[in-house]
Amino acid sequence: MNFDFSDDQKFLKSEARKFLDAHCSTATVRGVLDNVDRSYDEPLWKAVAAQGWMGTAIPEEHGGLGLGRMELCVIAEELGRALAPIPFASTVYGLAEAVLIAGSPAQKSALLPRIAAGELIGALATSEGPGVVSAGSIKASVADGKLTGEKLPVTDGDVAGVAVVLAKEAGQVNAYLVDLTGAGVTRETLQTLDPSRGAARLTFKGAAAERLGGAGEGLDIIEQVLNRMAVLLAFEQVGGADRALEMAKDYALNRYAFGRPIGSYQAIKHKLADMYVKNELARSNAYFGAWALDTDAPELPLAAASARVSACEASWYAAKENLQTHGGIGFTWEMDCHLFYRRAQQLGLVAGGAKQWKERLVTQLERRNAA
Amino acid sequence: MNFDFSDDQKFLKSEARKFLDAHCSTATVRGVLDNVDRSYDEPLWKAVAAQGWMGTAIPEEHGGLGLGRMELCVIAEELGRALAPIPFASTVYGLAEAVLIAGSPAQKSALLPRIAAGELIGALATSEGPGVVSAGSIKASVADGKLTGEKLPVTDGDVAGVAVVLAKEAGQVNAYLVDLTGAGVTRETLQTLDPSRGAARLTFKGAAAERLGGAGEGLDIIEQVLNRMAVLLAFEQVGGADRALEMAKDYALNRYAFGRPIGSYQAIKHKLADMYVKNELARSNAYFGAWALDTDAPELPLAAASARVSACEASWYAAKENLQTHGGIGFTWEMDCHLFYRRAQQLGLVAGGAKQWKERLVTQLERRNAA
Amino acid sequence: MDFNDTPEEAEYRAKARAWLEANAPKREDHVRGEEPTMAESKAWQAKKAAAGYSCITWPKEWGGPGGTSWQSQIFAQEEAKYPVPGNPFTIGLGMCVPTIMTAGSEADKVRFVGPALRGEEIWCQLFSEPSGGSDAAAARTRAVRAPDGSGDWIINGQKVWTSGAQYSDFGILLLRTDPDVPKHKGLTMFWVDMKDPAIEVRPIHQMSGGSGFNEVYFTDLRVKDSQRIGPVGDGWRVSIVTLMNERNAIGGGSSYHRQVMQLADGISTLAGSGIKDAALREKIADWYVQAEGLKYTRLRTQTALSRGQTPGPEASIGKVVTAPLMQDVANTALELEDQFGIISDPKYAPLQAMFQATLMSAPGMRIAGGTDEILRNIIAERVLGLPQDVRLDKDVAFKDIPTGR
Amino acid sequence: MDFNDTPEEAEYRAKARAWLEANAPKREDHVRGEEPTMAESKAWQAKKAAAGYSCITWPKEWGGPGGTSWQSQIFAQEEAKYPVPGNPFTIGLGMCVPTIMTAGSEADKVRFVGPALRGEEIWCQLFSEPSGGSDAAAARTRAVRAPDGSGDWIINGQKVWTSGAQYSDFGILLLRTDPDVPKHKGLTMFWVDMKDPAIEVRPIHQMSGGSGFNEVYFTDLRVKDSQRIGPVGDGWRVSIVTLMNERNAIGGGSSYHRQVMQLADGISTLAGSGIKDAALREKIADWYVQAEGLKYTRLRTQTALSRGQTPGPEASIGKVVTAPLMQDVANTALELEDQFGIISDPKYAPLQAMFQATLMSAPGMRIAGGTDEILRNIIAERVLGLPQDVRLDKDVAFKDIPTGR
């Protein structure tokens, strides 16, 4: 029994931390946030690719490093901590995992090496409107290999080369691989709560679509992808939440009111203690998720839901109460608090909100209790 | 426009306070709590009757004082504050209101004067098991004027002379008046969370039952009674919550830790501030309920639900955090904190829990939005 | 207890309605999307003042109609039904001018009250400073006597979070006149001409994108001693008047339940229709009773005022309830929108992205005019009579108080 | 990260299982409703000690088997599957005896460690006092030297909240030996014989009906100077050892989701089946992730221990999460039961009234072993390094500290 990362994994983590400290300051994040024409930081993306991170969990035969998903979790935590403004999640937890789960040998050979090399950005295009994605919410359709419809928001859809798109064909929901640079695809960049990450509205008019996985398996494939994403995003969320707590703590130690540090007042002390508790719980739940993900354990759906629910709670609380701890200055554009506040919402919604994951969690509990 | 009690009503309130200070200390409450053979304090009940309080809202023609229900709210707040261990709610907000709503002239003449005189204790017998009372939950049945079935918990059912009982006859849910001292009625005193108030399990085997109101009107009559009760109980809850806050404040001012009053620590200060805020909101919602009740306004169902939801929240928070403020001593039998903790649960459940009232509230909002 | 107007109130309401119908702008007057201008605001204020609908409770000697607080409330209810232009006068009429009326010189009262009432001059309030935070008494902006013996004062320093500084004519200013005595004792209040070139106003870029607040810099600003409000060293006492008005003025208590229900009606959750979701319904009920509770609490305050009583401290609970509630409402609404919640473009986001906008403004509400934490302290101390926090800065010369910088 | 046993762990588990199967009582041995006796507890402890299953991590020199923390964990997991008798030894073996092992005399170590390990002698801990509350260092129970020059001490005063005082053989006792120096400096630790007639134990009647705690009165209790644990005036430092063990020992993290789901399955709400109610389901998810989070946090601690590292402060979060959570679970379950929730008779209340019992015990959990508020302070100060609360009692002679009484 052993419930911690290995020494190698910890070394990877400390190297990732050093790398991102050097290449991804909050100035890097603001470079995307403040510039409507930029959806991600391209130099950072290339530098990350040079580290080989996109290929962490991609098998060596497809150009990856062939490490486990535990290693990907370690990297995810550091990316979340750095608020990295790059399409890593969409590409690596989204497109790559979808192809690994359901891709044909040809699809794997075509896409995975390009992802591992950092040459291909991916996206998941499932949502068409407010509310949960389900068979009923999908209007996009495919006929004769041509896709018609609209998807929004598609995170990183404005810069992705290939998207996994849910659409209907012959009454069934399928997943399709769509080349977004091809004919019949129109992209409109969307204004979102977190402009340091890109998102688009995609309109398809007869775009070429190649099925991923079997007929009628679309929702199931996406559910499997989301379970994996939930764990990896939980690490990003925990990374960000920990850094928000550090910010709040530093400010509380150095900011004085009424002649003493605001961190000496119980209102602030207990707020930060609560933040710490939520972060620790989220971290522990994420660790269990990492184990379930890495070993492809049958517990994965429950572990993923637990990791996500716990991480969403910690991430949102840390982001909003870090800002509150800063007082007026925290509400200014110049102070970094809002970067964490925005990202907490982005991460909390991109793989579906905590509300739907709570429902999934209890459904899993019911199944387990019935078994 | 005028949103406060009148001077007369305030005078009534201060008189009620004085009376209960003199006749209902927490020693009185403990006299019932500590004695399994006592379900209420009979001397207090008689003294309250001598004040005429049971007849406050009963018309003069039936032996009451014929005042408004606003006056009853004023008295309710003081009874709640004093944790009065008497069957006032069951009798006055329950039985009397049911008879006023649906009773025939004969039923009114038979029962209301006895209630006003304090000679008759009433009870509402609706529940048969865990969960919300509905047409589906009622198994008790009446045939040929004879009631068969079981009801529990029936608050004050161990001492009541007459109960309003929901039962089915010919597939319809009706309300019945049942003489609990008559043949075919067995009572078993129940062990409950608040032994300062009595409750019973009633078993009916061919007990005489007289219909109250029209056929099929049972649930509607009870709903009307519950709307009235909700407002009146909200005043009891606010009275208790205010006193719990006063207890907590007094203790926080006088108890020292680490060389200063615990009330000088923000953890306690902010807890008590939150208590105050919840109590004020509950009071304001109760006032609106009082107006709606007194004027029989069409807003009553919504106002009653608001008053109850707000009062349940305030009452529970004040009860539990008053105890917490007291620390270890608050957890002892000798300290009065648990009396409020117990009563908060009793009042919070006796007319149905906050959960069902939230559902009712939103249903009313939907109706209003649709109108 | 009576929710209906008394005959007198009904008469007042009818008159107010008739006047508004004759004088207020109508919906159709507005070109969609066009923001009302400052000139429109001033004109509307002047019209109201002339008709006795500005500062309704002010006595006649100050140019008010000497009305009751219910009349003020009734007019506000009726005015809210019209698309009247924005009101940049609130801070001046609610805080600055009352401060002058209470503590200013006779000459100042005569000079300033009338023009403010008629909307001719706009005021701002300059108390907060970057290093002060929740502690308004920690002002470090200095005023020293001019060396020429004129009695004039020279002002240097910086204020922050000043609403409306960019368009204000005058401001009231809390200054450190003596750093060698304890914090609360070395402050003095002044009024200043905001158009003086020694004053520089810089907008603050908020995280929500807006910039309603400013930083204000003073570089050798020279003011007359006659611009002093109250005695030298008495500034803290004077400022209490202003701040009490602020905390009562902010607050509110919006009820978003209707919009949330509208949103939920068209949205699916995993379990079915959003509006039928019990988790959401329970939250709606919780929000509703808080908003309603605040509404009726205000009416209780109003009643106390109308009876000539000092309102109870219940007036202070508005903001501490509303601000976190709005943040929770917004977050819940976005969770319901699920992935779509991230979209803040009003073209696509439900209800013109109102919940996304609320999410970004709510953090400011939890801070401006007293943080959640400070407001709880105020309730605990002023309402419940609990002890103040331990103060290490009480009997220390201001210059010797630790600042951590 | 690996949830499976290593081969060594698997071997240890198999042996423990075999031993337990051969030695532990079985379900069928128990007559329903019969409480295990103290004699049974002592016998079971002796059996475990003889087989090397008591105090598994203690080194051989103290009579332990010198095992690893995982072995300890594995044995506890396996033992929990059997209806073993209650364990009145936790406080002695977890707190009192480790205190003696750390700070006691060699003679005391030899005298006490073995019998405690074998369950022959039971210990209690006497720190809290009525006036002290959360402040264990505020002890006023006095120890003064006997006037006869023997070096003995005479003890007078009262302790409170002492678990197991009624059946304990010995106790460790924190006493005020010098009221003229600051609070933390005038304390000294002793062990005492709880059977001494100068000690009176009175059970505390709790609001939940139980009385697991006691008040303990000392009237001219005379003890030898050799019963002192550590130097005179060093009692606070010694007590830290004890208290750290207490805060790690309490905690837990029960997961009630299964029982709530069982309850909800059979209950109707206004909107339908309780188990399908989204409001309840979201709460179940919230509770579940907190309980699971604590479980895995403990495993992280265990891993750190097994690697010879000092466990992180995550060990301190158990109780601050669990106690309010249990109160909320109980209250929610009762609300779901609606009117019926008031019934606490196990004959009628669902699940033998477990939620009613939890409701009545939860307030005690939020207080015992450090209140919610004190635990947050501890996390803020010891884990996050935030400043201590302002202390007015620091450099003041104990007798001069304000007490408000």
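First the proteins, then the strands, lettered A, B, ... as listed; each starts at 1.
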Legend entry - Per-residue contacts, residues 65-81 of chain A versus chain D, heavy atoms under 4.5 Å: A:Met70
Legend entry - Matching residue for D:Glu292 among A:Leu302, A:Val309, A:Asn285, A:Leu361 - test: side chain to side chain contact (heavy atoms under 4.5 Å, CB included): A:Asn285
Between [options], who has the most heavy-atom pairs with chain D when the cutoff is under 4.5 Å?
options	result
A:Ile268, A:Leu245, A:Leu253	A:Leu253
A:Thr363, A:Asp294, A:Leu281	A:Leu281
A:Lys355, A:Arg260, A:Glu366	A:Glu366
A:Glu313, A:Arg283, A:Lys278	A:Arg283
A:Glu246, A:Gln9, A:Lys249	A:Lys249

Legend entry - Residue A:Lys13 excluded, over 12 heavy atoms near NZ under 6.0 Å: yes
Inset, instruction - Flag the pair D:Tyr296 / A:Tyr287 as yes when their ring centroid distance falls below 6.0 Å, and as no otherwise. - result: no
Given that the side chain runs from C-beta out, which part of [X] has a heavy atom under 4.5 Å from chain A: side chain, backbone, both or neither?
X	value
D:Glu282	both
D:Gln262	neither
D:Asp5	both

Hey, what do you get for [atom1] ([X]) to [atom2] ([Y]), rounding to the nearest 0.5 Å?
X	Y	atom1	atom2	value
D:Thr297	A:Phe3	OG1	CZ	8.0 Å
D:Arg258	A:Arg368	CZ	CZ	5.5 Å
D:Glu381	A:Ser264	CD	OG	10.0 Å

Legend entry - D:Arg300 vs A:Glu280 side-chain heavy atoms within contact, under 4.5 Å: yes
Inset, instruction - Side-chain contact test, heavy atoms from C-beta onward, threshold under 4.5 Å: evaluate it for A:Tyr276 versus D:Ile317 and give yes or no. - result: yes
Legend entry - Heavy-atom proximity to chain D below 4.5 Å, by part of A:Thr295: neither
Heavy-atom pair with the smallest gap, counting every atom of [X] and [Y]:
X	Y	result
D:Leu386	A:Gly263	CB-O, 3.7 Å
A:Asn2	D:Trp70	N-CZ2, 4.2 Å
D:Leu384	A:Leu272	CD1-O, 3.5 Å

Inset, instruction - Keeping the roles fixed (side chain from A:Lys269, backbone from D:Pro387), state whether a donor-acceptor pair exists under 3.5 Å. - result: yes
Inset, instruction - For side chain to side chain contact (heavy atoms under 4.5 Å, CB included), just list the numbers for D:Arg281 and A:Lys358, CA-CA rounded to whole Å, side-chain angles, deciding distance to a tenth of an Å, and then say yes or no. - result: CA-CA 7 Å; D:Arg281 288 170 83 85; A:Lys358 289 181 188 175; over 6 Å; no
Legend entry - For chain A, the option from D:Thr6, D:Asp372, D:Ile284, D:Asp389 that forms the most heavy-atom pairs under 4.5 Å: D:Asp389
